[in-house]
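Count residues from 1 along the sequence. Note that ligands are numbered from 1 as they come in the structure, with each ligand's atoms numbered from 1 the same way.
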Amino acid sequence: MNKKNKQIQEFNSFNIVVFGGDGDLALRKIYPALFHRHQDGQFSKDFNIIAITRKTPNKEAFTSQLVTFLKATEGDKMKLDEIEMFAKNIEIIQVENQDPPSFKELGNKLNEHPDYQHIYYFSTPSSAFGPISRALKSVGLVNEKSKVVIEKPLGYSLASSNAINEEISEAFEEHQIYRIDHYLGKETVQNLMVLRFANNLFERAWDSEHIDNIQITVAESLGVEKRAAYYDNSGALLDMVQNHLLQLLCLVAMEPPSLLESDEVRNEKLKVLRALRPITKKTVQTETVKGQYTRGTIKGEQVNSYLEDIEKYQSKTETFVAVKAYVDNWRWKNVPFYLRSGKRMIKRYSEIVINFKEVRHNIFPSKEKLNNNKLIIRLQPEERIELIQMTKVPGPGGYRYKPIALKLDYSDSFKDRFPEAYERLIIDVIRGNQTLFMRQDELQAAWTWIESITDSWKSTNQSNILYEAGSWGPGDLILDEDSSWITKTWKEQ
Ligand code: BG6
């Protein structure tokens, strides 16, 4: 085994230090993920969890919040005593600001085990990433075994993203930086790799000769919740497309890597991102749509408009975005990738639909329409894969046929609990496997393409189309022929 492989499989003792340790993300995702991995006996080595807060630590309040969050996901299956036992592994340390003296207590704690790897998880606004990195370095808490996990948003533009990266790079090298995109930790997303590269059938037809279009949709019925300030600065394009949807597009469109190793995979994803056809002033109005939700009804309940939700009545931020993207390379010549994401949509669902071309010639006497095959990869709410194929309706006489789905429902086939995306990703960090994390050059390529959209929106002054909360989004309102792609097949699934 070469050194690189060995490094990936080692599970060293670790300290995980969570900055923003009493924040929503930490309580909702990070600690529950650690809890479940611990419960499953995956932490074979010693570990410490250190929550960094700016407020005076209050362990009792912290534990009760943790219980509430775990209860929300676990319901009746929750075992209170086990959570309380687990919470004993979490130490809360106050770090008031990013001055080196504030890090003294943390330093003492980490130095109790100088041989452990230190994992710093920055669950804070990105403006703090640079100052925290610098402070950790200046007090000697970064060594070659250290790792840093960072959450989006990694900037608001190519320049700001580069600036954040430069600051972090003063303390950490690229192989120590884990840029998390939780979509890559989802089971069905990983299954996409297995589906494509462990089966001969699909890969043979995975190109412009056989595929008509690809649709990637992430619809949410939720609004902006308590994140108004963040969301209003980002909008749907930066919040969802720049990262999650582009990463899904990469996995669908990339060439097979020669090995499942981090740089092999990331090199292939990078090629896809660099091949994205830029959106220009000329194409932006036909190839993108932005929308904003107005008041409406979701599951029988009246909900506010976006402007009411954020209490800023002039905001032009988009809560829905649709982009017709092209990957300009040999495999995908002129195959549209429809990317769509919106808040306050009719229901929560995420899926990737591969629409194959129609058969070349209809031999059946009735000449009834032969629907094209579709491969539907459903990520949410349930995880399943469906292959829609034309099937003969039983009975004598002529041929009648109709589309029937061949289904693989994950929950039927795999009865065990499905680990959350964060569980998988955090374990990968501990093991040092960067495959599911974005490399800096990928991020730059994603930003370059996204900026072609934001710049074109600005220069053409493209406005939002309003859509009612609880609807299918603004597609319904666009009657213009050129834009019919926005609704094309979108409600059929
Ligand atoms: C986050 C976005 O990255 O992903 C949120 O910031 C969004 O706005 C969330 O709601 C969606 O994640 P999931 O896993 O619920 O689809």
One finds that the ligand 1 atoms under 4.0 Å from a non-hydrogen atom of K186 are 13 (P), 14 (O), 16 (O)

Note the single closest protein heavy atom to atom 12 (O) of ligand 1, along with its residue, its atom name and the distance in Å.
H182 NE2, 3.1 Å

Would W332 and F337 count as a close aromatic pair, with their ring centres under 6.0 Å?
yes

For atom 10 (O) of ligand 1, what's the nearest protein heavy-atom neighbour? Residue, atom name and distance, please.
E220 OE2, 2.5 Å

K147 and side chain to side chain donor-acceptor pair (under 3.5 Å): which partner among H118, Q117, Q176, H175?
Q117

Under 4.0 Å from a heavy atom of K343: which atoms of ligand 1 are those, numbered in the order shown and with their elements?
5 (C), 7 (C), 8 (O), 10 (O)

Rounded to the nearest 0.5 Å, how far apart are OG of S123 and CD1 of I150?
12.5 Å

R277 charged N/C atom sitting above Y326 aromatic ring, 6.0 Å / 45°:
yes

Per-atom contacts of ligand 1 with R227, taking only distances under 4.0 Å to non-hydrogen atoms:
2 (C), 5 (C), 6 (O), 8 (O)

Nearest non-hydrogen protein atom to atom 16 (O) of ligand 1, with distance, is Y183 OH, 2.4 Å

Please confirm whether S350 comes within less than 3.5 Å of ligand 1 when only nitrogen or oxygen atoms on both sides are compared.
no

Atom 15 (O) of ligand 1: nearest protein contact (heavy atom, Å):
R348 NH2, 3.3 Å

From Q65 CD over to Y31 OH, what is the distance, rounded to the nearest 0.5 angstrom?
10.0 Å

Nearest 0.5 Å please: distance from the OG atom of S146 over to the CD1 atom of I119.
9.5 Å

Give the residue and atom name of whichever protein heavy atom lies nearest to atom 3 (O) of ligand 1, and the separation in Å to one decimal.
H244 NE2, 2.7 Å

Heavy-atom pairs closer than 4.0 Å: do any link ligand 1 to the side chain of E151, the backbone, both, or neither?
neither

Any non-hydrogen atom of Y231 lying under 4.0 Å from ligand 1?
no

Which class fits the ring pair Y120 and F19: parallel under 30°, tilted 30 to 60°, perpendicular over 60°?
tilted

Looking only at heavy atoms, the pair that brings V327 and L276 closest together is CG2-CD2, 4.1 Å

Which of the ligand 1 atoms, numbered from 1, are nearer than 4.0 Å to a heavy atom of Q380
13 (P), 14 (O), 16 (O)

At a 4.0 Å cut-off, with the gap strictly under it, does some heavy atom of E225 reach an atom of ligand 1?
no

So which protein heavy atom does atom 8 (O) of ligand 1 come closest to, and at what separation?
D239 OD2, 2.6 Å

Note: N213 and V335 closest approach over all heavy atoms is CA-CG1, 3.9 Å

State the CG-CD distance between L273 and Q444, to the nearest 0.5 angstrom.
11.5 Å

Where ligand 1 meets K152 - atom numbers and elements under 4.0 angstrom, heavy-atom basis
1 (C), 2 (C), 3 (O), 6 (O)

